[in-house]
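Below: the structure, in structure tokens.
First listed ligand is number 1; within each ligand, the first listed atom is number 1.
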Amino acid sequence: MPLKQFMTLPRHILEGEKLHPEATGELSAILLQLGLAAKVISLEVNKAGLVEILGFTGKTNVHGEDVKKLDLFAHEMLIRAMDHGGHFCVMASEEDENIIHLPPHHKIGKYVLLFDPLDGSSNIEANVSIGTIFSIYRRISKGNGPGTIEDCLQPGYKQVAAGYIVYGPSTIFVYSAGHGVYGFTLDPAFGEFLLSHDNIKIPDRGRIYSINEGNYNSWSRGLKKYIKHLQVNKFEGKPYQLRYVGSMVADIHRTLLYGGTFMYPGDKRNPKGKLRLVYECNPVSFIIEAAGGVAIDGEKRILELTPSSLHERTPIFAGSKDDIELLKKFLDEEKE
Ligand code: FDP
């Protein structure tokens with residue numbers, strides 16, 4: 001058995017910390033705690049088909065979408081797992097309209113945690129992969145008191161670490177603290193994440209494109225032409241393939257491993273697309289870039305956009321370097 005199979009997530013995090021003598025161990029503690037929360041959420045997600053947990057709570061989230069019990073469970077679990085370590089000054093979740101302050105009796109720290117507790121949740125009842133996405137920043141607001149909205153609205157390039165957990169056939173935890181991207185698969189037998197994807201590099205080109213083609217008629221001319229280009233051309237002698245799960249974490253994870261493009265464009269009806277800059281696009285763009293890929297909003301690098309509100313949306317085109325460059329040419333040509 002190759003040695004890497006014994007590299008647990010905690011060991012990997014702690015060994016990574018030793019490479020940075022200046023590290024205080026706080027970031028390691030945060031990642032370890034996120035790993036624990038991921039295990040608890042994974043367990044609950046796995047039970048979804050067995051217990052009567054599915055169904056609506058009768059509430060809607062800030063986007064007017066129905067909130068299912070698992071969304072709330074994951075949201076509350078992450079807060080409970082992360083609010084007492086003394087590492088954060090503020091948190092924000094896709095399931096909450098406002099920033100989340102730490103309970104007054106807990107120490108206030110220097111980091112900021114932003115998360116989408118259960119992404120792709122409209123897929124839960126069909127037993128399709130869903131996930132959790134997280135972002136960690138340093139606080140920028142002055143003083144040692146509670147953090148502010150300013151701390152949550154930083155451009156994505158300021159992320160200290162980011163990652164996601166996919167609850168699929170296996171549960172996989174993918175993270176980057178800026179140096180390399182690592183994936184750990186949960187061994188359900190002894191409840192530990194084991195290194196399964198060491199130093200992930202996204203291929204420079206891929207054969208798969210991923211987009212909700214049902215929106216075709218609302219796309220820009222450049223995007224239509226690009227998709228047509230893929231449909232009539234071949235890559236390494238074989239036709240391009242369309243794959244779209246409709247769970248961003250699952251589509252991004254496949255793109256990371258196999259290459260190609262993941263796209264959620266703006267269109268005539270929704271010029272800013274659907275996906276949220278702070279909770280979804282920034283963390284996955286951080287991962288894609290750390291693996292050697294590219295993520296843009298059609299013009300600019302996603303990580304350079306400064307969010308103006310917690311729940312703002314942005315178009316996103318992310319994936320293999322050469323594929324995104326080609327796509328950008330198509331988008332630019334139609335602008336002229
Ligand atoms: P969901 O609505 O199921 O939560 O941001 C939410 C998201 O899923 C993404 O995970 C996914 O990529 C996208 O929406 C799918 O949107 P479409 O159904 O419009 O394709």
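- Taking every heavy atom of Met248 and a limit of under 4.0 angstrom, the matching atoms of ligand 1 come to 9 (C), 10 (O), 11 (C), 12 (O).
- At a heavy-atom distance under 4.0 Å, only backbone atoms of Ser247 (N, CA, C or O) approach ligand 1.
- Classification of Glu333 and Arg221 as a salt-bridged pair fails, no side-chain N sitting under 4.0 Å from a carboxylate O.
- Below 4.0 Å from some heavy atom of Glu280 lie the following atoms of ligand 1, by number and element: 5 (O), 6 (C).
- Between Lys274 and ligand 1, an N or O atom pair is found at a separation short of 3.5 Å.
- Contact atoms of ligand 1 toward Tyr244: 15 (C), 16 (O), 17 (P), 20 (O) (distance under 4.0 Å to a heavy atom of the residue).
- Side chain to side chain, Thr132 and Tyr167 meet the donor-acceptor criterion of an N or O pair below 3.5 Å.
- When only interatomic distances are considered, the shortest N/O to N/O separation between Gly120 and ligand 1 falls below 3.5 Å.
- A search for salt bridge (charged side-chain N to carboxylate O under 4.0 Å, His left out) contacts involving Glu97 returns nothing, not counting sequence neighbours.
- At under 3.5 Å, a nitrogen or oxygen of Tyr264, whether backbone or side chain, sits near a nitrogen or oxygen of ligand 1.
- Remark: the His12 side chain and the Tyr175 side chain contain an N/O donor-acceptor pair separated by less than 3.5 Å.
- Under the side chain to side chain donor-acceptor pair (under 3.5 Å) rule, His87 has a single partner from Glu26, His106, Lys110, which is Glu26.
- Taking each heavy atom of His311 and Ser93 in turn, the nearest pair found is CE1-O, 3.8 Å.
- To the nearest 0.5 angstrom, Arg207 atom CZ is 12.0 Å from Leu230 atom CG.
- Considering backbone and side-chain N/O of Asn123, none are found under 3.5 Å from N/O of ligand 1.
- With a 6.0 Å cutoff to the six-membered ring centre and a 45° limit on the axis angle, Lys328 does not count as a cation-pi contact of Phe317.
- Residue Asp119 has at least one heavy-atom neighbour below 4.0 Å for each of these atoms of ligand 1: 5 (O), 6 (C), 9 (C), 10 (O).
- Of all the heavy atoms of Asp116, none lies under 4.0 Å from any atom of ligand 1, so neither backbone nor side chain is involved.
- If you number the atoms of ligand 1 from 1 as listed, the ones under 4.0 Å from a heavy atom of Ser122 come out as 1 (P), 2 (O), 3 (O).
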